[in-house]
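Naming: A, B, ... by sequence-line order, numbering from 1 per chain.
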Number of protein chains: 2
Amino acid sequence: MAEERATIYTVARAAGVSAQTVSRVLNGTGQVSAATRANVLAVIEAQGYRPNAVGRSLRASRTPMIGVVVADIGNPFYARLHRALERRLSGSGFSLMLMNSDDDPRAERRQLDLLRSYRPTGLVIVPSAGSSLGEADLRALGHVVSVSRVPEGVAVPAVVTNERAAVGEATAELLAHGHTEPAIVLGPAGASTSRAREQGFLAALGPGRRGHVRHTDGTRAGGQAAAADLLATRPAVTAMIGFNALVTEGIVSALQAAGRPCPQDMSVIGFTDAGWMTLHRPALTVIDQPVEEMGALAGRLLLDLAAGHGVDPGPHVVPSTLIRRASVAPPKEHTP
Amino acid sequence: MAEERATIYTVARAAGVSAQTVSRVLNGTGQVSAATRANVLAVIEAQGYRPNAVGRSLRASRTPMIGVVVADIGNPFYARLHRALERRLSGSGFSLMLMNSDDDPRAERRQLDLLRSYRPTGLVIVPSAGSSLGEADLRALGHVVSVSRVPEGVAVPAVVTNERAAVGEATAELLAHGHTEPAIVLGPAGASTSRAREQGFLAALGPGRRGHVRHTDGTRAGGQAAAADLLATRPAVTAMIGFNALVTEGIVSALQAAGRPCPQDMSVIGFTDAGWMTLHRPALTVIDQPVEEMGALAGRLLLDLAAGHGVDPGPHVVPSTLIRRASVAPPKEHTP
DNA sequence: CTGAAAGCGCTTACAG
DNA sequence: CTGAAAGCGCTTACAG
């Protein structure tokens with residue numbers, strides 16, 4: 001039982017072999033006789049030796065670590081994404097480093113600088129709204145895959161959902177129920193998701209109809225403020241689509257505060273399902289986003305890239321589907 | 001514009017100084033003349049040099065990284081905790097590595113092994129139910145602080161809430177409304193939080209009264225199953241306390257599925273507030289846990305330890321408070 | 001199947 | 001105020 005800390009050299013010495021042979025046993029590379037291997041493993045066990053990832057990373061000029069930079073860790077979407085990535089990457093030897101950009105390009109840059117100092121193998125990023133990241137910034141971080149949002153002017157493999165079509169379907173659902181002036185409460189104007197959903201909304205409305213578009217910071221407070229403003233200033237609005245679960249919480253909250261029952265006074269459709277949406281009365285109709293599939297696909301793409309395989313830049317589209325529940329009804333004063 | 005990758009040596013050469021001087025400028029250690037410093041900084045800028053954290057960590061035998069091991073990243077409690085830690089630690093130069101034990105001691109050990117290979121500065125841990133971690137396991141990870149749950153038989157600084165008193169207050173609230181046989185739907189039996197809350201529950205009931213205790217895995221599905229079982233087999237139960245926001249979701253869901261309105265047929269008190277709890281009708285009475293304060297305190301303790309200061313092992317108690325909303329009412333068939 | 005040497009990018013004594 | 005040398009713990013060629 002050596003007093004000094006176990007390293008590859010203390011193991012090598014005790015096993016009567018070279019450090020290189022210990023390294024081979026550790027990594028399963030090259031050829032080692034069964035007897036030597038068993039002996040080395042016994043010494044490793046006896047010394048309680050654990051390889052030092054830092055030494056390995058320094059030599060390899062790469063750390064088996066994947067950065068995950070998201071816009072708002074308070075949004076359950078990102079907890080689900082992180083969990084899906086972790087599942088997909090577990091067993092591959094990669095660690096995940098989760099970072100929060102708070103949807104601020106400067107915070108994003110700071111986080112990526114820190115991440116970069118670890119020489120990570122790759123990065124899964126949800127670019128912040130108004131992100132100023134260029135090719136060079138991202139290349140310095142190894143393999144990069146974007147999820148949900150697509151970075152502007154930078155070609156990286158992307159995993160997204162069918163934003164336009166999904167919002168189009170939701171908008172059509174509202175029109176079919178007789179709503180003539182629906183509203184959509186989006187996230188930040190600088191996010192590709194906000195742009196795509198706005199386009200899907202306007203395209204489904206068609207040239208003749210009026211629709212209302214609001215941008216928010218994507219939080220509950222933002223959604224609540226936008227909905228309250230619409231309630232106060234746009235009496236013709238009888239239906240709202242929320243950008244994410246948080247914004248939808250804000251919309252529902254604003255309706256309650258204003259004493260405007262859903263769906264009688266206001267139909268609501270959320271984007272990204274959440275546990276409370278089935279508990280709420282009425283249960284919320286929602287565009288169900290396949291977050292787990294998106295995360296798993298992003299993880300697989302990253303693993304492929306790390307293995308040196310080519311990867312289809314996509315964007316890879318994992319479709320969302322509309323789940324009809326009870327928060328959409330014809331408008332009260334519907335005059336066809 | 002050098003083709004080779006910028007290192008401390010390429011900077012030193014271009015600036016006409018030694019690597020050691022560049023290191024001093026980088027770290028603000030020792031004395032460097034203003035002129036030399038300016039020159040070095042200019043070269044750093046010109047070469048786009050970024051220090052390699054791996055080289056630094058190897059030399060220092062420590063990585064400025066704090067591991068965060070939680071039981072279930074799907075539980076919003078942990079997203080809030082991570083965010084609070086990140087806030088507290090931002091600017092200190094420490095990175096956070098978030099890991100999920102899924103409340104499984106073997107997964108927990110695997111995650112800690114991986115973390116240990118990075119030679120982290122510290123660890124914030126919510127021990128898994130039935131965790132088998134000993135002093136030696138934790139000491140190998142640097143400075144350790146536990147949050148929410150307390151590890152068994154291991155002395156580390158701990159940050160907790162007033163489990164017993166908070167559940168006692170909630171139980172008293174139910175008794176005051178005339179409930180004679182309340183139930184508590186807990187998390188895993190092996191978690192210190194489950195034990196403490198059970199004690200608080202039973203103590204508040206007193207020796208004369210009957211109460212029901214159920215354990216779950218702490219998920220929505222677990223809460224739903226336990227609540228459904230209580231509904232089916234314990235008709236005398238007229239009030240339930242949920243272990244966390246997820247379990248409380250499950251309870252509410254089971255009540256809806258069984259057609260048993262809250263609070264008429266069943267009073268409900270949650271533990272840890274969540275956005276949907278004010279949206280739900282009736283709005284849920286809840287034991288509001290100060291997650292952000294707990295995370296901030298844990299972060300501060302870790303920073304103190306890392307700075308070499310002594311730290312009171314505690315447990316440091318950040319009290320929860322009961323928020324009375326509308327989900328507690330007298331039982332329907334209350335016969336005093 | 002196995003080993004001696006070099007080097008990944010830093011910082012820590014030590015010397016001036 | 002500044003620098004030459006050594007070493008943190010590994011793995012990569014290279015040689016046998």
Side-chain angles (χ1 to χ4, degrees), chain A residues 2 4-41 43-44 47-65 93 114 116-121 140 142, chain B residues 2 4-41 43-44 47-65 93 114 116-121 140 142:
Chain A
E4 60 185 327
R5 184 163 45 204
T7 71
I8 204 167
Y9 281 102
T10 64
V11 172
R13 197 179 318 132
V17 299
S18 72
Q20 163 61 345
T21 292
V22 177
S23 173
R24 277 191 275 251
V25 170
L26 250 21
N27 296 290
T29 52
Q31 302 286 32
V32 184
S33 76
T36 304
R37 171 185 307 277
N39 182 27
V40 168
L41 288 174
V43 173
I44 285 173
Q47 295 196 355
Y49 167 72
R50 305 301 172 94
N52 182 325
V54 181
R56 193 193 313 239
S57 293
L58 182 58
R59 189 59 183 87
S61 302
R62 269 288 157 254
T63 303
M65 176 157 76
L114 181 56
R116 179 179 165 184
S117 73
Y118 283 105
R119 304 297 188 262
T121 302
Chain B
E4 61 186 326
R5 186 164 42 204
T7 71
I8 205 168
Y9 281 102
T10 64
V11 171
R13 198 179 318 133
V17 298
S18 72
Q20 163 61 345
T21 293
V22 177
S23 174
R24 277 191 275 252
V25 170
L26 250 21
N27 297 291
T29 52
Q31 302 286 33
V32 184
S33 77
T36 303
R37 169 185 308 277
N39 182 27
V40 167
L41 288 174
V43 173
I44 285 172
Q47 294 195 356
Y49 167 72
R50 305 301 171 93
N52 183 327
V54 181
R56 191 193 316 237
S57 293
L58 183 58
R59 189 60 183 87
S61 303
R62 270 285 159 255
T63 303
M65 176 157 75
L114 180 56
R116 178 179 166 185
S117 74
Y118 282 106
R119 303 297 187 264
T121 302

From [X] [atom1] over to [Y] [atom2], what is the distance, rounded to the nearest 0.5 angstrom?
| X | Y | atom1 | atom2 | answer |
| --- | --- | --- | --- | --- |
| A:Met65 | B:Leu114 | CE | CG | 10.5 Å |
| B:Leu41 | B:Tyr49 | CG | OH | 12.0 Å |
| A:Ser57 | A:Arg119 | OG | CZ | 11.0 Å |
| A:Gln31 | A:Thr36 | CD | OG1 | 12.0 Å |
| A:Tyr118 | B:Asn52 | OH | CG | 10.5 Å |

Tell me whether the OP1 or OP2 atom of D:dG3 has a side-chain N or O from B:Thr21 closer than 4.0 Å.
yes
Starting from Watson-Crick (N1-N3 plus N6-O4 or O6-N4) and G-U wobble pairs under 3.5 Å, report the runs of at least three that DNA chain C belongs to.
C:1-3 with D:14-16, C:5-12 with D:5-12, C:14-16 with D:1-3
Report, as a single string ordered 5' to 3', how protein heavy atoms within less than 4.0 Å touch nucleotides 8-16 of chain C: B base, S sugar-phosphate only, - not at all.
BBBBBB---
Mind checking A:Thr36 for me? I need base, sugar-phosphate or nothing, with any heavy atom below 4.0 Å counting as a touch.
sugar-phosphate
Please determine which of B:Val17, B:Val22, B:Leu26, B:Thr21 meets the side chain to side chain contact (heavy atoms under 4.5 Å, CB included) test together with B:Val11.
B:Val22
Side-chain H-bond candidate by donor/acceptor type, A:Arg56 with A:Asn27, under 3.5 Å:
yes
Side chain to side chain contact (heavy atoms under 4.5 Å, CB included) with B:Ala14: which residues, sequence neighbours excluded?
B:Val43, B:Gln47
Output the rounded distance in Å from CZ (B:Arg13) to P (D:dA4).
13 Å
